[in-house]
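Here is the structure we will look at, set down as structure tokens.
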Amino acid sequence: MLTVPRRLSAARGALATTLLTLTVSTGVAVLTGVAGPVPAVRADDVRDSQREVLRTLDLPAAWRVSEGEDVVVAVLDSGVDSDHRDLAGSVIEGKDFTSGANPPGVRPLRLHGTYMASLIAGHGHGPGGADGVIGVAPRAKVLSVRVILEDEEPGFREFNTAERYENVVARGIRYAVDHGADVINMSISKELATREERAAIRYAISKGVVLVAAAGNDGAEATDAGGNAPYSYPAAFPGVVSVAATDRGLRRASFSNRNPSVLVAAPGVDILGAGPGDEYWVGRGTSQATALVSGVAALIKAKYPEMSPVLVVQAITAGATRRPTGGYDTGMGFGVVNATRALAAAARISRHTLTAEGAGGHDPARPLGLAVEPVRVVHRDRDRINLYGGVAVAAGLGAIACLVTIAVLVGRARSSTTYQDPGPDAVAAPWP
């Protein structure tokens, strides 16, 4: 990680060197990387490499309920290769908020963004889409919004130090919301939050948009005495689903940040996805885990489009498996996301959904601390209050005195009336 305070990058950090590429040529993919070459495999073996992740998320069963149709997932990242055969026809080109950071004529690499988009909405290729990368929500659309540069791009340092790029994430969020996003994936991280980002997130939630972000990859390094890693933004903002990564054994991956912002976990080690130019990548990080969870959110929004973000999140957490002892911990959140169980939880929740209406809510476009309407201050006349209070007390005392007087007079009237005994010799008069 760089030490630039405003550093904003893909949530892969030092893990970038572990990425491997599958270069596809004439139907054969050759795997190369830091570990050296390995035997060649057929291109359709890409899907086989995804099998464990698909099983962990229980996607084959979930796809019988929803495939993410008609949902738009905004990928706030380094850009997406819309021509990749596993994404062709599914990508909407959005705005580039990094414009001017790279020297003129330098084209974006779009490595990380394509990788994340394929995990969310890859639809494969070939007969029946059986080859290549299949995403969690294969019928969803991707809105590509460029808000970061790859570490390898020449304008990376300029982008991370120039003040004009400080709030690109906030602007990207608002742009995505205003251009139809139902879910926003942010496999990105930065060390410091801004007021504008907080307001943009409130704006997105108020419009029914689910936000998912990476918890960060500093879990093995920058930890405190309690083992917690620093908060990563935008994941640590309230209302954002902060995603941790698990290893192959579905335990917290050593690099995954552990802190109270973590909500759920998903596979984040040896995850295969697409890269620009019909390449394929294998890598690890909370970025990948985040993209998988965004795909699950897209499945829910496709089936229950009116469900509010907080209820979508409730369904995701309710459907989690491998729950930690006690139900929650700061490394795994509420457990590992399961798409089928999340959809079942959403079905239960949808039957009991009430929508609050009317005035009184906070305007999400305005920072906290500012009221929706000016506060009306009522000035009271203390002298008049004291006068009226005194009159009321006097009237009360007068009423009590009157009641006492009436009681005394009635008592005296009763005591003055005596009974006359006729005596034992008295004879009753005959009845007329």
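No hydrogens, no waters, no symmetry mates; every other heavy atom, side chains included, goes into these values. Remember, it's a predicted structure, so these values are computed and weren't measured experimentally.
Using a 4.5 Å cut-off on side-chain heavy atoms (C-beta onward), P234 and I201 make contact. Two residues are said to be in side-chain contact when any heavy atoms from C-beta on lie closer than 4.5 Å; M332 and V262 fail this criterion. Using a 4.5 Å heavy-atom threshold, the side chains of V269 and F255 count as touching. Annotation: side chain of T246 is not in contact with side chain of R251 (no heavy-atom distance under 4.5 Å).
Of the possible polar contacts, one joining the R252 side chain to the S256 backbone as a donor-acceptor pair under 3.5 Å is found. Distance alone, capped at 3.5 Å, places no donor-acceptor pair between the D247 side chain and the S254 backbone. Remark: side-chain polar atoms of K301 are not paired, donor with acceptor, to backbone N or O of G68 under 3.5 angstrom. The main-chain N or O of D131 is found under 3.5 Å from a side-chain atom of R47 such that the two form a donor-acceptor pair. Of the possible donor and acceptor atoms, none in the side chain of D329 sits under 3.5 Å from a partner among the backbone N and O of P324. No donor-acceptor pair closer than 3.5 Å links the side chain of T114 to the backbone N or O of V80. E153 places no side-chain N or O within donor-acceptor distance of the main-chain N or O of D151, the cut-off being under 3.5 Å. Checking side-chain atoms of H123 against main-chain N and O of A140 turns up no donor-acceptor pair under 3.5 Å. A distance-only check finds a donor-acceptor pair linking the side chain of W63 to the backbone of V136 [under 3.5 Å]. Here the side chain of T286 pairs a donor or acceptor atom with the backbone of G216 at under 3.5 angstrom.
At a cut-off of 3.5 Å, with distance as the only test, no side-chain donor of T330 or N259 sits close to an acceptor on the other residue. Using modelled atom types, one finds no donor on one side chain facing an acceptor on the other under 3.5 Å when comparing D58 with T56. In summary, the side chains of T194 and N167 do present a donor paired with an acceptor at a separation below 3.5 Å, with no hydrogens or angles considered. If you check the side chains of D86 and Y280, you find a donor sitting under 3.5 Å from an acceptor.
The side chain to side chain contact (heavy atoms under 4.5 Å, CB included) test with L57 is passed by exactly one of T340, L292, N338: L292. The side chain to side chain contact (heavy atoms under 4.5 Å, CB included) test with D270 singles out one residue from R284, R248, Q288, and that residue is R248. Tested against M186 for a side chain to side chain contact (heavy atoms under 4.5 Å, CB included), the candidates D77, I173, V243, V145 yield a single pass: I173. Screening H112, E150, R146 for a side-chain hydrogen bond (donor to acceptor under 3.5 Å, both in side chains) with S78, the sole residue that qualifies is E150.
With rounding to the nearest 0.5 angstrom, the NZ atom of K141 is 14.5 Å from the CD1 atom of I120. The CZ atom of R258 sits 13.0 Å away from the OG atom of S261 when rounded to the nearest 0.5 Å. If you take CG on L343 and NZ on K303, they are separated by 8.5 Å, rounding to the nearest 0.5 Å.
Nearest heavy-atom pair, S287 versus S187, reported as atom, atom and distance to 0.1 Å: O-OG, 2.9 Å. In this structure, V73 and A298 approach most closely via the heavy-atom pair CG2-CB, 3.8 Å. Minimum interatomic distance between H179 and Y175 (heavy atoms only, all atoms of both residues): ND1-O, 2.8 Å. For V168 against F97, the heavy-atom pair with the smallest separation is CG1-O, 3.5 Å. Of all heavy-atom pairs between L76 and V169, the closest is CD2-O, 4.1 Å.
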- Task: Could you please spell out the steps behind the side-chain contact (heavy atoms from CB on, under 4.5 Å) verdict for V240 and V212?
- Result: CA-CA 6 Å; V240 178; V212 188; 5.9 Å; no

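Contact check on R164 versus E158 returns a salt bridge, with a Lys/Arg side-chain nitrogen under 4.0 Å from an Asp/Glu carboxylate oxygen. Ion pairing between K190 and E197 holds under the 4.0 Å rule for side-chain N and carboxylate O.
Taking the centre and axis of the six-membered ring of F334, the NZ or CZ atom of R323 falls outside the cone set by 45° and 6.0 Å.
Note: H84 and Y115 fail the aromatic proximity criterion, with ring centroids not under 6.0 Å apart.
Applying the side chain to side chain contact (heavy atoms under 4.5 Å, CB included) rule to P305 yields no partners; only residues at least two apart in sequence or on another chain are considered.
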